[in-house]
*Asks:* 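Sharing a structure, written as structure tokens. Questions coming.
Nothing here was measured: the structure is a model prediction, and the numbers come from that model. Chain naming here is simple, since letters A, B, ... match the order of the sequence lines and numbering starts at 1 in each.
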Amino acid sequence: MLDKKYNHLEVEKEQYEIWKESGYFKSGRNSGKPFCIVIPPPNVTGKLHLGHAWDTSIQDIMIRYKRMQGFDALWVPGMDHAGIATQAKVDKKLREDGMDPRSMSREEWLKYAWAWKEEYALNIHDQWAKLGLSLDYDKERFTLDEGLSKAVRTVFVKLYEEGLIYRGERMINWDPMAKTALSNEEVIYKDVEGAFYHIKYPFVDSDLYLDVATTRPETMFGDTAVAVNPNDDRYKDYIGRKVLLPLVNREIPIIGDEHADPDKGTGCVKITPCHDPNDYEVGLRHNLEKIVVINPDGTMNENALYYEGLDRFEAREKLVKELNEKGYLLKTEKIVHSVGHSERTDVLVEPYLSKQWFVKMRPLADKVLENQKNKDTKVKFLPSRYEKIMNHWMEITYDWCISRQLWWGHQIPAWYKDDQIYVGIDAPKEEGWVQDEDVLDTWFSSALWPFSTLGWPEETEDYQKYYPTSVLVTGYDIIPFWVNRMTFQGLHFTHQRPFEYCYIHGLIRDKMGRKMSKSLGNGVDPMDVISEYGADALRYYLTTSTAPGTDLRYDEDKVRAAWNFINKIWNASRFVLMNISDLQEEKFENLSISDQWILTRLEKTIKDVTKYMDKYEFQNVNTILYKFIWEDFCDQYIEMAKFSLESITTKSVLKKVLTDILKMLHPFMPFVTEEIFKNLSKTPLIISEYPKYDKNLLFVEGEAKCNALIEFVRIFRNRKAELQIGKEYRIYISKPNDYSLIRKLLKWEDKETEEKLSLNYTVVEYQDYQVYLYNEHKETLEDQEKKLKTIDSLKKSILKRENLLKNQNFIEKAPENLVNEEKRKLSEEKEMLKKYEEE
RNA sequence: GGGCGUUUAGCUCAGUUGGUUAGAGCAUCUGCCUUACAAGCAGAGGGUCUGCGGUUCGAGUCCGUAAACGCCCACCA
């Protein structure tokens, strides 16, 4: 029997281990069709946040639902090595422990990194358990483990052989803190305060000068030209002449190039081919000299004169001062402009000329765009609008820089010897080959996740059975990094979509609608929420509070409301269990109208819930379940059942309804439902069968009768409250024999009078029900007002309906049942109005 | 500059092929410790569904348009 009070800590304590040890999470137990989800692998850098809790709860609901329906459900767990992020954290830890990570050998450093990984993996496992995720741990993968590494090398080699991976010197985004190249997706543009510095570039052969405006004066040491637009009348005659670079005193040419925009700045722009992507292009067109002035760590190099060794920002500050003192600074305009930051380290990204590996994107992206035109083979997004986001990316994407100057990751399978290069899955056998030091972008391996985790490139049983996967669940912020890349790699290497559906959810925000972030300190640890309210409450709250694809404002009040709902279920279950303990065999004979009513409602609920579960619209599932459980089952049926608790039929109905409620709730709140279910069945709920809609259990007539009864009781109570009649009151019932249930519901069985009295009374009626309610008080003024208000609204409604029914278009075009319904409603309202007016 | 989203009760949000007098949670008001639950029960109040125009017998829902807020992408000397 259940404890008197619902205690989430107690309920959730041991259940996870029991499920896990019993093998219920394992795939292959059911003989039905495969249903497979691969978890978006969390980074091994740290703790899971609320976003993970949301994302994984959605998946667990899908998996548990399908499992209960008999599908062979497989949910693949795993983690991501998260190159830059993890390396930064490991380095930080080593420094804190007094070690210098950069003076270690690669091998030594990797030992520490793997130890870190093991520690954090345990932490994540613990959190998954707390959340109740039914992951098949037999299939767990890590992006750096052997099988996945082989998949990575296979893909690299194949793309290289196909000419879709190449190595070359390009302008890339450089992270001076992590000292690695980045892809475009890893650059986040943020508005920062800066300034337009107007610098005087004197002509070599006259006293005149050009006013050159720049936001990055420190790069001037690398200037090898000043560009003006050839159509700009102000400057076009200067083309071909030379100016003197201030301080450096190097002569640089004035060139004409379309890149210079007459409407921007002063119309003349300094050209620094090594430190700006556009300038690089200009440099190529005009065959300009390339001078690097910034080191990979963000300090100035020997080309920056006596600024050598200074950090780029410090150099800027001092340089501006010097320019000013020497009369070269014409003016400084404060501006706010957007500047690229590294997604991981948050430092300003430096455009940098460097030799890197790239994936040639155009052919791969085109393949996706082509496939998305085919309804049968495309990735279907939920909500569908996110397909456009992916397609747009596919249209504009350019080559993906995949090499990273890190140690934590898949080392690039390329070996060099003199001028030769060898690219292969394994190292060349001969002596003297040296492997490329760089590793691959983390997302390179993540892109293979849906098939590499299932054993690809081997044709494993899992791969054949579960691929392509059924659904991928992730937030819209990950579409460019991950969804897109999985889609093109999947299509290229497996010749099909990696997942049939892509379910996109939003981001979690704080109550004010701000992103949760460390700097704001508004983050919420899901583990804290779980200890306070339980995983069931958190999961239920997260997954039923918004429509798919929209952001969620975290609101603790709503978690509390979820807890209250669970508490309600707990108590209702306790009531049912208390009363069915002696039930031997379920019998459904002589069903009362309330039995028929709740059974009918149950079937309708099963039908609707199943419909929305199949569409993964959990908010809609909630609306239906919540109403059915709280209002129909608890407030109505249980109250009515209290008058026939000795009946085997009542007990049977209570048990059946509770059983199906628990089953439908299980995917959302697995712990508490399993705990209660132990008292109903020997089969664990997690592997029991999901309810199936049975139209033979619909009792239309009984349902209608009971609806009328409930409505009448509601009207009666309303009336009683309006008249401010307390416990002591008397009534007269015209047809006493039919009213036993009502008498009990209203708890006035002993106060019924034998006949109509001549006291003040109010007739309360609805359909067949008519009761005289005696009240000693005269109707107050307030009552009169209320009555007038009711009459008024009735009149309005009648008028509206009459107009509607006068409209020939409506009569002809609207469905017949709707027209009849209107007619019925109209006559009903007219009758009601008549009665009110007679009173 | 291109695209997308949001705008519904005091607050947070549902409302998915257009169809009763638009819903929920929280908050508010009234009355109840009724033996599953006072974290509860029984009632009540509260919305010209952002504005304007259109389609339709009928619009919160479809179309057009304007505004506010937010997001993504691109650019930014």
*Asks:* Using a 4.0 Å heavy-atom cut-off, does A:His337 contact any base of the nucleic acid, only the sugar-phosphate backbone, or nothing at all?
*Replies:*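 The residue A:His337 makes no contact with any strand.
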*Asks:* Counting only heavy atoms not in A:Lys607, do more than 12 fall under 6.0 Å of its NZ?
*Replies:*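 12 or below, so no.
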*Asks:* Remember a base hit wins even if backbone is also touched, and classify A:Leu818 as base, sugar-phosphate or nothing at under 4.0 Å, heavy atoms.
*Replies:*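 Contact class for A:Leu818: base.
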*Asks:* At under 4.0 Å between heavy atoms, what does A:Glu617 touch on the DNA or RNA strands: base, sugar-phosphate, or nothing?
*Replies:*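 Counting heavy atoms under 4.0 Å across all strands, the contact made by A:Glu617 includes a base.
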*Asks:* If you measure only the distance, is there a donor-acceptor pair under 3.5 Å linking the side chains of A:Lys270 and A:Thr219?
*Replies:*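 There is such a pair (donor and acceptor under 3.5 Å, judged by atom type) between the side chains of A:Lys270 and A:Thr219.
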*Asks:* With both distances under 3.5 Å as the test, what is the Watson-Crick or G-U wobble partner of B:C37?
*Replies:* none
*Asks:* How is A:Phe196 classified with respect to the nucleic acid when contacts are heavy atoms under 4.0 Å: base, sugar-phosphate, or nothing?
*Replies:* sugar-phosphate
*Asks:* Between A:Lys642 and A:Phe575, is NZ or CZ placed under 6.0 angstrom from the six-membered ring centre and within 45° of the ring axis?
*Replies:* yes
*Asks:* What is the distance from NZ of A:Lys5 to P of B:A39, rounded to the nearest Å?
*Replies:* 8 Å
*Asks:* Could you tell me whether the side chain of A:Glu639 has a donor or acceptor atom within less than 3.5 Å of a complementary atom in the base of B:A42?
*Replies:*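 No such pair is found, so the answer is no.
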*Asks:* By the 4.0 Å heavy-atom rule, please label A:Ala547 as base, sugar-phosphate, or nothing.
*Replies:* sugar-phosphate
*Asks:* Is A:Arg234 salt-bridged to A:Asp232, going by a charged N under 4.0 Å from an acidic O?
*Replies:*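 Salt bridge: yes.
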*Asks:* Pick base, sugar-phosphate or nothing for A:Phe565, based on heavy-atom distances below 4.0 Å to the nucleic acid.
*Replies:* nothing
*Asks:* How would you label the contact of A:Pro815 with the nucleic acid (heavy atoms, under 4.0 Å): base, sugar-phosphate, or nothing?
*Replies:* base
*Asks:* If you check every side-chain atom of A:Arg509, which of B:C71, B:A14, B:G43 has the closest atom?
*Replies:*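 Of the options given, the side chain of A:Arg509 lies nearest B:C71.
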*Asks:* Pick base, sugar-phosphate or nothing for A:Ser338, based on heavy-atom distances below 4.0 Å to the nucleic acid.
*Replies:*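 It contacts base atoms.
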*Asks:* Using atom CZ of A:Arg801 as one end and atom P of B:U21 as the other, report the distance to the nearest whole Å.
*Replies:* 5 Å
*Asks:* Mapping A:Val576 and A:Asp635 to their closest nucleotides on RNA chain B, which lands nearer the 5' end?
*Replies:* A:Val576
*Asks:* Mapping A:Tyr398 and A:Lys4 to their closest nucleotides on RNA chain B, which lands nearer the 5' end?
*Replies:*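 Looking at RNA chain B, the more 5' nearest nucleotide goes with A:Lys4.
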*Asks:* Which part of the nucleic acid, if any, lies within reach of A:Asn718 when heavy atoms closer than 4.0 Å are counted: base, sugar-phosphate only, or nothing?
*Replies:*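 Sugar-phosphate contact only.
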*Asks:* Mind checking A:Asn620 for me? I need base, sugar-phosphate or nothing, with any heavy atom below 4.0 Å counting as a touch.
*Replies:* base
*Asks:* Should B:C4 form a Watson-Crick or G-U wobble pair with both distances under 3.5 Å, which nucleotide is its partner?
*Replies:* B:G70
*Asks:* Ignoring hydrogens and angles, state whether a donor on the side chain of A:Asp257 or A:Asn229 is under 3.5 Å from an acceptor on the partner side chain.
*Replies:* no
*Asks:* B:C29 pairs with which nucleotide, Watson-Crick or G-U wobble, both distances below 3.5 Å?
*Replies:* B:G43
*Asks:* Between A:Thr214 (side chain) and A:Arg216 (backbone), is there a donor-acceptor pair under 3.5 Å?
*Replies:*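 Flag set: sc A:Thr214 to bb A:Arg216 pair under 3.5 Å.
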*Asks:* Looking at B:C4, I'd like to know if its phosphate oxygens (OP1 or OP2) sit under 4.0 Å from a side-chain N or O belonging to A:Arg385.
*Replies:*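 Answer no for this pair, as no side-chain N or O of A:Arg385 is under 4.0 Å from OP1 or OP2.
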*Asks:* Applying a 4.0 Å non-hydrogen cut-off, can you work out what A:Ala814 is touching in the nucleic acid: base, sugar-phosphate, or nothing?
*Replies:*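 Result for A:Ala814 = base.
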*Asks:* Have a look at A:Asp279 and say if it touches a base, only the backbone sugar-phosphate, or nothing, with a 4.0 Å heavy-atom cut-off.
*Replies:* nothing
*Asks:* For B:C62, which nucleotide in any strand shown is its Watson-Crick or wobble partner with both distances under 3.5 Å?
*Replies:*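 B:C62 is paired with B:G54.
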*Asks:* Ignoring hydrogens and angles, does a donor from either the side chain of A:Lys388 or the base of B:C4 sit under 3.5 Å from an acceptor on the other?
*Replies:*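 There is none.
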